[in-house]
Amino acid sequence: MIDRTLPVPLTQASTVERMFPALTPAQIERIAARGRVRPVRTGEVLIEAGQRIVPFFVVTAGQVDIVLPSGNAETLVAVHRPGQFTGEVNMLSGRPALVRARASELGEVVELDREHFLALVQTDSELSELIMRAFILRRVELIAHGLGDVVLIGSNHCSGTLRVKEFLTRNGHPYSYVDLDRQTDVQDLLDRFQVAAADVPVVICRGELVLKNPTNQQIADCLGFNEAIDQTQIRDVVIVGAGPAGLAAAVYAASEGLDALVLETKAPGGQAGSSSKIENYLGFPTGISGEKLAGRAYTQAEKFGAQVMITKGARRLACDRKPYAIEIDDSLRVPARTIIIATGAMYRKPSFENLSQFEGAGVYYGATFMEAQVCHGEEVIVVGGGNSAGQAAVFLAQNCKRVHMLVRSSGLAESMSRYLISRIEENPAIVLKTNTEIEALEGSNHLECVRWRDRQTGNTERQDIRHVFLMTGAVPATQWLDGCVAVDAKGFIKTGPDLSQDDLVTARWPLARAPHLLETSLPGVFAVGDVRAGNVKRVASAVGEGSIAISFVHRALHE
Ligand SMILES: Cc1cc2nc3c(=O)[nH]c(=O)nc-3n(C[C@H](O)[C@H](O)[C@H](O)COP(=O)(O)OP(=O)(O)OC[C@H]3O[C@@H](n4cnc5c(N)ncnc54)[C@H](O)[C@@H]3O)c2cc1C
């Protein structure tokens with residue numbers, strides 16, 4: 001039975017037109033030249049939900065329905081008439097189709113296999129713009145309406161549920177959510193899949209597989225995130241990390257004809273993906289959310305043919321011989337002619353359960369002009385005793401009513417430059433609290449109140465403070481490199497001119513030339529973005545470095 005009520009309230013005509021554009025005869029002719037024209041029967045299924053390696057269809061006569069199957073029922077998602085085409089972003093990644101496409105009457109289509117489809121979007125800029133825009137808008141619509149192959153049953157009070165939600169959201173995968181705390185009529189669903197409320201989060205994958213409190217990797221496997229990727233093939237470049245630096249490297253590598261594979265532990269976007277609004281990235285005068293920026297970059301990388309493996313983090317680098325190999329788990333090693341390390345850094349975070357709730361909404365990891373404007377005239381807290389915390393406190397004190405500086409140790413002398421300590425001591429707007437740590441953050445949509453504790457006396461204090469700057473330093477994600485490349489005292493990777501003669505001697509640098517800019521002490525292995533010693537912790541610089549590294553990858557490949 002088909003529910004013929006379109007679930008998508010397509011109110012804005014312009015959005016509908018861009019989501020389901022009708023191609024001109026000339027455009028269809030260009031597509032037909034790469035594929036084949038064939039008749040379709042009434043009821044013929046052109047694409048089955050869950051099908052891997054899906055062809056691209058343009059309807060030239062008749063009608064094709066797009067439906068979401070659920071058990072024996074179907075929900076009508078869209079209708080394609082002559083001139084319109086099938087597909088959404090899964091076509092680029094090669095992930096299984098989310099929906100079924102079926103001819104609802106006798107007709108004709110142009111059919112293009114995935115390989116020819118990718119060649120089309122890479123070479124025909126007019127069609128590429130039209131198709132890519134439609135695919136992205138269709139995915140956004142599926143996400144907005146929770147139309148997909150995943151049902152998540154959970155509770156907002158359960159951290160596992162929040163983890164799964166974040167994983168699916170940051171991977172741009174649509175899902176419908178059943179909230180056990182709010183929806184009372186869920187017993188049928190629980191009975192049908194033989195799960196209990198205590199099993200949450202429960203992920204029902206493709207209407208059949210039931211995963212109880214699954215790991216991110218189990219979800220990725222179930223949804224076939226990496227199925228279309230050949231994991232053993234030797235690559236021109238393997239990029240480790242899909243933050244802004246890694247995604248930029250992937251876009252430039254693939255668009256310049258290199259065979260590029262990206263390995264990512266969690267989801268595309270990295271730290272930037274967790275930013276609610278990036279306002280200082282060139283070209284976005286009204287700002288862009290990190291999630292959107294990451295989603296677009298990810299689609300762009302895939303359009304050019306880069307492949308991205310999700311939940312497949314690098315565990316070890318085998319650097320003793322070429323080609324290098326990146327170990328992912330006991331059974332998987334990915335060989336690479338060159339490598340770009342873009343694993344970024346993790347800000348040291350206190351272990352408050354609700355910390356992520358306030359990130360960008362009262363909790364910040366950087367004190368720039370932008371954050372200073374947000375807390376103008378208010379009381380703020382800066383946590384940390386290093387130079388970055390000192391600079392932040394002095395900077396914020398210019399415009400804030402009061403800066404409470406919370407330090408766990410008994411003083412600043414050991415961790416901060418003398419000039420900063422003097423400035424802090426001389427500034428009446430800064431109140432230094434040593435031996436002190438935050439105990440709790442409170443609020444709903446925004447941080448409203450903070451409780452801290454004196455570690456010596458045990459006394460606690462609670463104040464209505466809406467802004468906390470966590471400046472406790474960043475830890476580079478370099479543990480997996482295990483001595484393969486030279487790092488600085490804090491573990492950040494040294495590159496190019498930052499590598500001393502001693503570093504090169506210790507690393508047994510084998511070439512007559514010096515390391516390229518962004519090249520590590522291992523020839524053909526580069527480091528970009530926040531993982532690199534001397535980086536500037538900005539999206540733009542990470543993107544810039546990712547793209548620059550590719551020009552050196554070309555040189556290394558020809559060496
Ligand atoms: C909340 C927040 C807000 C920010 N706001 C701004 C802003 O407004 N403007 C601005 O310019 N900058 C901002 N920044 C800083 C900016 O996000 C970073 O400078 C930028 O993301 C660095 O990019 P990157 O790709 O080098 O590293 P990251 O973003 O850290 O990405 C690294 C990626 O590598 C992955 N990874 C780690 N280890 C492995 C492994 N072993 N194998 C595979 N993958 C791995 C991680 O999961 C991650 O996805 C913000 C940062 C945060 C945390």
Side-chain angles (χ1 to χ4, degrees), residues 51-54 56 87-97 113-123 128 132 135-136 139 170-173 216-217 219-221 223-270 273 294-315 323-329 331-343 526 528 546-547 549-550 553 557:
Q51 181 182 330
R52 294 163 183 84
I53 314 298
V54 171
F56 175 73
E88 58 100 40
V89 290
N90 268 14
M91 275 220 64
L92 301 168
S93 57
R95 290 181 187 174
D113 63 28
R114 181 163 170 266
E115 207 178 306
H116 285 94
F117 168 75
L118 287 178
L120 175 79
V121 289
Q122 284 163 19
T123 51
S128 170
M132 294 298 292
F135 278 14
I136 292 169
R139 175 53 70 104
R170 291 202 37 194
N171 277 292
H173 198 91
N216 291 346
Q217 185 164 350
I219 300 172
D221 288 346
L223 296 175
F225 277 7
N226 304 315
E227 268 171 19
I229 301 175
D230 180 345
Q231 308 183 351
T232 52
Q233 176 188 330
I234 176 162
R235 307 286 178 155
D236 291 334
V237 57
V238 172
I239 299 156
V240 189
L247 288 173
V251 166
Y252 282 85
S255 66
E256 292 172 20
L258 298 179
D259 174 13
L261 175 70
V262 184
L263 306 175
E264 168 55 49
T265 315
K266 288 186 222 138
R296 289 181 189 190
Y298 179 49
T299 308
Q300 195 175 9
E302 291 198 313
K303 174 185 113 167
F304 285 119
Q307 295 185 313
V308 185
M309 289 218 301
I310 300 295
T311 67
K312 300 286 179 190
R315 205 172 62 175
Y324 302 122
I326 294 166
E327 256 177 46
I328 291 174
D329 54 39
S331 57
L332 184 56
R333 276 162 71 98
V334 177
R337 293 189 183 93
T338 64
I339 292 172
I340 294 182
I341 302 167
T343 43
F526 301 82
V528 294
S547 60
I550 296 305
V553 163
L557 286 171

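Atom set for the values below is all heavy atoms of this structure, side chains included, hydrogens, waters and symmetry mates excluded. The model shown is predicted, which means the values in this text are computed figures rather than measured ones.
Sorted by first and then second residue, the ring pair (Phe, Tyr, Trp, His ring centres under 6.0 Å) pairs involving residues 229-257 (not counting sequence neighbours) form an empty list.
Judged as a salt bridge (charged side-chain N to carboxylate O under 4.0 Å, His left out), and not counting sequence neighbours, the contacts of E327 are R316, R333. The side chain to side chain contact (heavy atoms under 4.5 Å, CB included) check on L557 picks up D236, L258, R337, T338, V553, with sequence neighbours excluded. Contacts of F117 classified as ring-ring contact (aromatic ring centres under 6.0 Å, His included), with partners at least two apart in sequence or in another chain: F56, F135. In this structure E115 satisfies the side chain to side chain contact (heavy atoms under 4.5 Å, CB included) test together with D113, sequence neighbours excluded. With sequence neighbours excluded, the residues satisfying side chain to side chain contact (heavy atoms under 4.5 Å, CB included) with T311 are F167, N216, Q217, A220, N226.
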Worked verdict on I328 versus Q231 for side chain to side chain contact (heavy atoms under 4.5 Å, CB included): CA-CA 10 Å; I328 291 174; Q231 308 183 351; over 6 Å; no
Steps toward side chain to side chain contact (heavy atoms under 4.5 Å, CB included) verdict (H173, I310): CA-CA 12 Å; H173 198 91; I310 300 295; over 6 Å; no
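No option in R95, E302, R139 other than R139 meets the side chain to side chain donor-acceptor pair (under 3.5 Å) test with N90.
L247 approaches A297 most closely through the heavy-atom pair CD1-CB, 3.9 Å. The shortest non-hydrogen separation linking I53 to A228 is CD1-CB, 4.4 Å. Heavy-atom minimum distance, P96 versus G224: CD-O, 3.6 Å. Residues V54 and R114 approach most closely at O-CB, 4.0 Å, considering heavy atoms. A pairwise comparison of heavy atoms in V528 and A245 identifies CG2-CB, 3.8 Å as the closest pair. Closest heavy-atom contact between A253 and I550: CB-CD1, 3.6 Å.
With rounding to the nearest 0.5 Å, the separation of CG in N171 from OH in Y298 is 6.5 Å. A distance of 5.5 Å separates CG of L263 from CD1 of I326, quoted to the nearest 0.5 Å. Distance check, rounded to the nearest 0.5 Å: CZ of R235 to CG of D230 gives 6.0 Å.
The backbone N or O of I229 lies less than 3.5 Å from no partner atom in the side chain of Q307, so there is not a single donor-acceptor pair. At least one donor-acceptor pair under 3.5 Å links the side chain of R170 to the backbone N or O of G270.
By the neighbour-count criterion of 12 heavy atoms within 6.0 Å, atom NZ of K303 is densely surrounded, having more than that number from other residues, nucleotides or ligands.
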